[in-house]
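Contents: one structure, followed by commentary.
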Amino acid sequence: MSANPRHKSTVLLDGPDRAVARGMMKAAGFTDDDLKKPQIGVAHCWIGTMPCNLNHRSLAQQVMEGIRAAGGTPLEINTVAINDGITTGTEGMKTSLVSREVIADSVELVARGHMLDGLVTISGCDKTIPAMAMALGRLNLPGLSFYSGTILSGKCTKPSTLFEGRKLTIQEIYEAVGAFNAGRISADELRDVEDHACPGAGACGGQFTANTMATASAMLGISPMGFNDIPAVDPQKEQAAYDCGRMVMALVNAGITPRQMVTRDSLENAIAGVMATGGSTNAVLHLLAIAREFGLPLSLADFDRISRRTPVLADMRPWGRFTAPEMHEAGGVPLVAKHLCDAGLLHADAMTVTGRSIGDESKLATSPAGQEVIRPVADPVKPEGGIVILYGNVAPGGCVIKLGGQKKKLHSGPARVFETEEDAFAAVKANQIRPNDVMVLRNEGPRGGPGMREMQLVTGALQGSGLGDSVALMTDGRFSGASHGFVIGHIVPEAVDGGPIAALRDGDIITIDVDQRRLDVDLDDAQLRERLAGWKPPAPRYTVGVLAKYARLVTDASQGAVTSGAPAVDGH
């Protein structure tokens with residue numbers, strides 16, 4: 001099969017009338033020969049504010065070498081990124097989810113404006129991965145997604161009451177803050193964790209949001225199987241980048257586009273991969289958004305259905321024993337896919353960017369004898385997936401709970417209501433939260449925040465203070481992939497839209513029943529209506545700028561919190 005590899009760029013660059021375009025391209029270093037070849041974008045998110053994307057420039061150079069070797073002309077594209085961990089617990093965190101839309105928009109604009117023939121996207125931190133997938137879906141240019149890799153784990157250098165001997169990730173810093181505030185560790189022990197948890201380049205090192213979405217991208221078929229698993233500083237990463245450059249040219253020459261690969265079946269494969277690895281609840285939000293950009297139906301019910309049939313196979317942080325580099329050494333996503341395919345839990349015929357099906361890719365998986373990170377289906381970590389969808393009179397539009405290694409299935413206790421994350425964190429820090437409480441954090445949704453902040457500062461503080469197993473937390477915001485405990489997010493409708501969460505008061509009895517898939521307050525419909533009748537929405541926090549624009553455009557969390565205007569397909 002072959003196609004016109006210059007199906008877009010011919011219009012931009014060929015003929016006497018396009019002399020101005022060619023002249024400006026030549027000023028940037030391109031030759032006549034370069035301009036006669038397919039024009040391939042290499043879009044990445046290098047930024048000097050975080051470790052997650054520090055290797056994007058070097059990886060982009062390798063991708064571009066691969067493109068040149070295969071007969072294309074690469075064009076480097078850069079866009080923004082916001083780091084969740086750095087901004088967590090501050091007003092700055094409101095920008096994180098917003099950046100997903102900005103990244104997708106910016107890559108789309110350059111690809112359309114410069115009439116690219118193909119696209120390789122390089123992503124690292126949490127929002128960059130779904131953003132690049134969304135851009136691929138919108139543009140439908142031959143292309144693929146490449147994850148820049150996980151960070152390695154760190155290690156304390158001093159004796160510690162809690163963290164000595166642990167393989168450190170960003171999760172341990174959050175928990176160390178909580179432990180310090182609770183008087184369980186000293187300032188020196190906190191600094192030791194702070195100084196050594198993040199040893200270099202790469203995204204956070206558990207099955208947190210970045211590694212979860214890297215897993216989903218491989219299972220979706222838009223990333224080459226096994227490439228994303230390679231840690232950021234591993235020498236093999238640059239070879240994988242070069243191979244991506246050659247691979248995109250094969251897609252361009254064959255005319256194979258993302259919408260030919262990403263189907264309803266491959267979306268279900270991606271969800272299964274998330275469930276089998278105990279992945280982040282943010283995957284629900286992001287896969288819903290990706291599905292909309294690809295014009296495919298997907299709903300909250302699909303996540304719950306697939307979770308019920310998919311066992312947790314990977315014993316991964318934040319709730320398990322192992323880190324992302326250890327999962328790679330154990331066989332990584334290819335081994336997870338093999339176990340799921342062998343058990344009939346994947347659509348094995350779904351195609352991938354390699355030109356092979358996911359079933360064929362999974363047959364190439366290898367694993368060292370005796371590894372304990374990835375379990376067989378016959379002996380899973382848990383018999384069902386780590387994410388469950390709840391409904392009830394608090395969340396008539398649905399919400400998400402992450403179970404992972406959590407054995408607890410039922411919690412009932414008094415509400416402790418907070419209007420902001422900062423207030424909730426202050427209460428934990430001041431030892432004002434008691435066992436059995438249900439912390440309610442509202443006005444943090446996509447529109448109300450705006451931006452749907454992650455409540456990682458609070459969940460980390462609860463874990464560090466020893467309350468993680470006895471306190472529940474619910475919010476119309478969301479959670480970091482590093483969060484664990486009995487936590488519920490993405491409550492729809494959110495408070496600013498007059499959802500029932502806006503009516504809750506201190507002392508209301510909240511019941512969370514995982515087996516029944518329910519989240520309820522001990523109030524009847526009439527009582528909720530009466531309370532909401534006297535409720536007034538809070539004034540918008542932003543009236544101008546990108547956050548105000550986002551609040552005006554964004555859909556609710558059950559629709560992926562998107563702003564592109566991509567129409568909902570049956571199933572939303």
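Only this structure's heavy atoms are used, side chains among them; waters, hydrogens and symmetry mates stay out. Values in this document were obtained by computation on a predicted structure and should not be read as measured data.
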Review point. Are Leu287 and Phe303 close enough, and set up right, to give a side chain to side chain contact (heavy atoms under 4.5 Å, CB included), and what steps lead you there?
Key: CA-CA 10 Å; Leu287 286 170; Phe303 289 86; 3.9 Å; yes
If you look only at distance, which donor and acceptor atoms sit under 3.5 Å apart when one is on a side chain in residues 267-278 and the other is two or more places apart or in another chain?
| unit_1 | atom_1 | unit_2 | atom_2 | d |
| --- | --- | --- | --- | --- |
| Glu268 | OE1 | His347 | NE2 | 2.9 |
| Glu268 | OE2 | Arg264 | NE | 3.4 |
| Glu268 | OE2 | Arg305 | NH2 | 2.9 |
| Asn269 | OD1 | His347 | N | 2.8 |
| Asn269 | ND2 | His347 | O | 3.2 |
| Thr277 | OG1 | Gln207 | NE2 | 2.9 |
| Thr277 | OG1 | Gly273 | O | 2.8 |
| Thr277 | OG1 | Val274 | O | 3.2 |

Exercise for review: Flag the pair Arg552 / Thr563 as yes when at least one side-chain heavy-atom distance between them is below 4.5 Å, and no otherwise.
Suggested key: no
Exercise for review: Check for a donor-acceptor pair, side chain of Asn181 on one end and backbone N or O of Lys429 on the other, with a separation under 3.5 Å.
Suggested key: no
**Study point:** Distance (rounded to the nearest 0.5 Å) between Arg317 CZ and Leu168 CG
**Key:** 7.5 Å
Check your understanding: Which distance, rounded to the nearest 0.5 Å, do you find between the CD1 of Ile290 and the CG of Leu136?
Key -> 9.5 Å
Review point. Can you tell me if Asp508 uses its side chain to pair, donor with acceptor, with the backbone of Val521 under 3.5 Å?
Key: no
Practice item. Please lay out, stage by stage, how Tyr147 and Asn211 fare under the test side chain to side chain donor-acceptor pair (under 3.5 Å). Key: CA-CA 9 Å; Tyr147 173 51; Asn211 285 313; 2.9 Å; yes
Check your understanding: Are the side chain of His196 and the backbone N or O of Asp192 linked by a donor-acceptor pair below 3.5 Å?
Key -> yes
Review point. After noting the C-alpha distance and the side-chain angles of Arg453 and Ser96, does the key distance pass the side chain to side chain contact (heavy atoms under 4.5 Å, CB included) rule?
Key: CA-CA 8 Å; Arg453 286 193 293 182; Ser96 174; over 6 Å; no
Check your understanding: Side chains of Tyr174 and Thr459: do they bring a donor and an acceptor to under 3.5 Å?
Key -> no
Review point. Are any of the side-chain nitrogens in Arg138 or Asp105 under 4.0 Å away from the carboxylate oxygens of its partner?
Key: yes
Point to revise | Donor on one side chain, acceptor on other, Ser280 and Thr212, under 3.5 Å | key: no
Check your understanding: From Leu119 CG over to Leu141 CG, what is the distance, rounded to the nearest 0.5 angstrom?
Key -> 6.5 Å
Practice item. Please report the closest heavy-atom contact between His490 and Ala557, naming both atoms and the distance. Key: CB-CB, 4.0 Å
Review point. Distance-only, no hydrogens or angles: does the Ser307 side chain make a donor-acceptor pair with backbone N or O of Ile387 under 3.5 Å?
Key: yes
Review point. Any ion pair linking Glu494 and Arg447 (charged N to carboxylate O, less than 4.0 Å)?
Key: no
Practice item. For the pair Ser564 and Glu293, evaluate side chain to side chain donor-acceptor pair (under 3.5 Å) and give the outcome as yes or no after the intermediate values. Key: CA-CA 8 Å; Ser564 69; Glu293 300 293 359; 2.8 Å; yes
Exercise for review: Fit a plane to each ring of His44 and His56, take the angle between them on a 0 to 90° scale, and name the class: parallel (under 30°), tilted (30 to 60°) or perpendicular (over 60°).
Suggested key: perpendicular
Study note, to complete from the structure: Between Leu532 and Ala502 the two heavy atoms that sit nearest each other are CD2-CB, 4.2 Å
Check your understanding: Which distance, rounded to the nearest 0.5 Å, do you find between the CG of Asp423 and the CE of Met439?
Key -> 10.0 Å
**Study point:** Residue pair Ile488, Thr475: steps toward the side chain to side chain contact (heavy atoms under 4.5 Å, CB included) verdict
**Key:** CA-CA 6 Å; Ile488 297 168; Thr475 180; over 6 Å; no
Review point. Taking it one step at a time, do Asp84 and Cys125 satisfy side chain to side chain contact (heavy atoms under 4.5 Å, CB included)?
Key: CA-CA 8 Å; Asp84 295 35; Cys125 60; 6.0 Å; no
Study note, to complete from the structure: Between Val496 and Asn443 the two heavy atoms that sit nearest each other are N-OD1, 4.4 Å
Study note, to complete from the structure: Nearest heavy-atom approach of Asn78 to Trp46 is ND2-O, 3.2 Å
**Study point:** Trace of the side chain to side chain donor-acceptor pair (under 3.5 Å) decision for Glu238 with Asn55
**Key:** CA-CA 10 Å; Glu238 292 200 346; Asn55 59 345; over 6 Å; no
Check your understanding: Taking 4.0 angstrom as the limit, do Asp476 and Arg442 come out as a salt bridge?
Key -> no
**Study point:** Expected output: side-chain Asp556 to main-chain Ser558 donor-acceptor under 3.5 Å
**Key:** yes
Review point. Would you call Pro500 and Pro493 a side-chain contact if the rule is heavy atoms closer than 4.5 Å?
Key: yes
Exercise for review: Give a yes or no answer on whether the side chain of Arg541 reaches the backbone of Gly448 with a donor-acceptor pair at less than 3.5 Å.
Suggested key: yes
Exercise for review: Please say whether more than 12 non-hydrogen atoms of neighbouring residues, nucleotides or ligands are located less than 6.0 Å from NE2 in His411.
Suggested key: yes
Point to revise | Glu172 bridged to Lys167 by N-O distance under 4.0 Å | key: no
Exercise for review: Inspect the surroundings of NZ in Lys94 and state if more than 12 heavy atoms from other residues, nucleotides or ligands are less than 6.0 Å away.
Suggested key: yes
Review point. So, the side chain of Arg100 versus the backbone of Ala561: is there a donor-acceptor pair under 3.5 Å, distance only?
Key: yes
Exercise for review: Kindly give the heavy-atom pair with the smallest separation between Leu59 and Ile122, and that separation in Å.
Suggested key: C-CD1, 4.0 Å
Practice item. Spell out, as yes or no, whether a donor-acceptor pair under 3.5 Å connects the side chain of Asp437 to the backbone of Ile433. Key: no
Study note, to complete from the structure: Separation between CZ (Arg416) and CG (Leu473), nearest 0.5 Å, reads 12.0 Å
Exercise for review: Mind listing the closest non-hydrogen atom pair of Asn228 and Ala214 along with its distance?
Suggested key: ND2-O, 3.1 Å
Practice item. Mark yes when over 12 heavy atoms from residues, nucleotides or ligands other than Arg112 sit less than 6.0 Å from its CZ; otherwise mark no. Key: yes
Practice item. Kindly say whether Pro231 contributes a backbone atom to a donor-acceptor pair with the side chain of Asp234 at under 3.5 angstrom? Key: no
Exercise for review: Any chance you could measure Cys198, atom SG, to Ile151, atom CD1, to the nearest 0.5 Å?
Suggested key: 4.5 Å
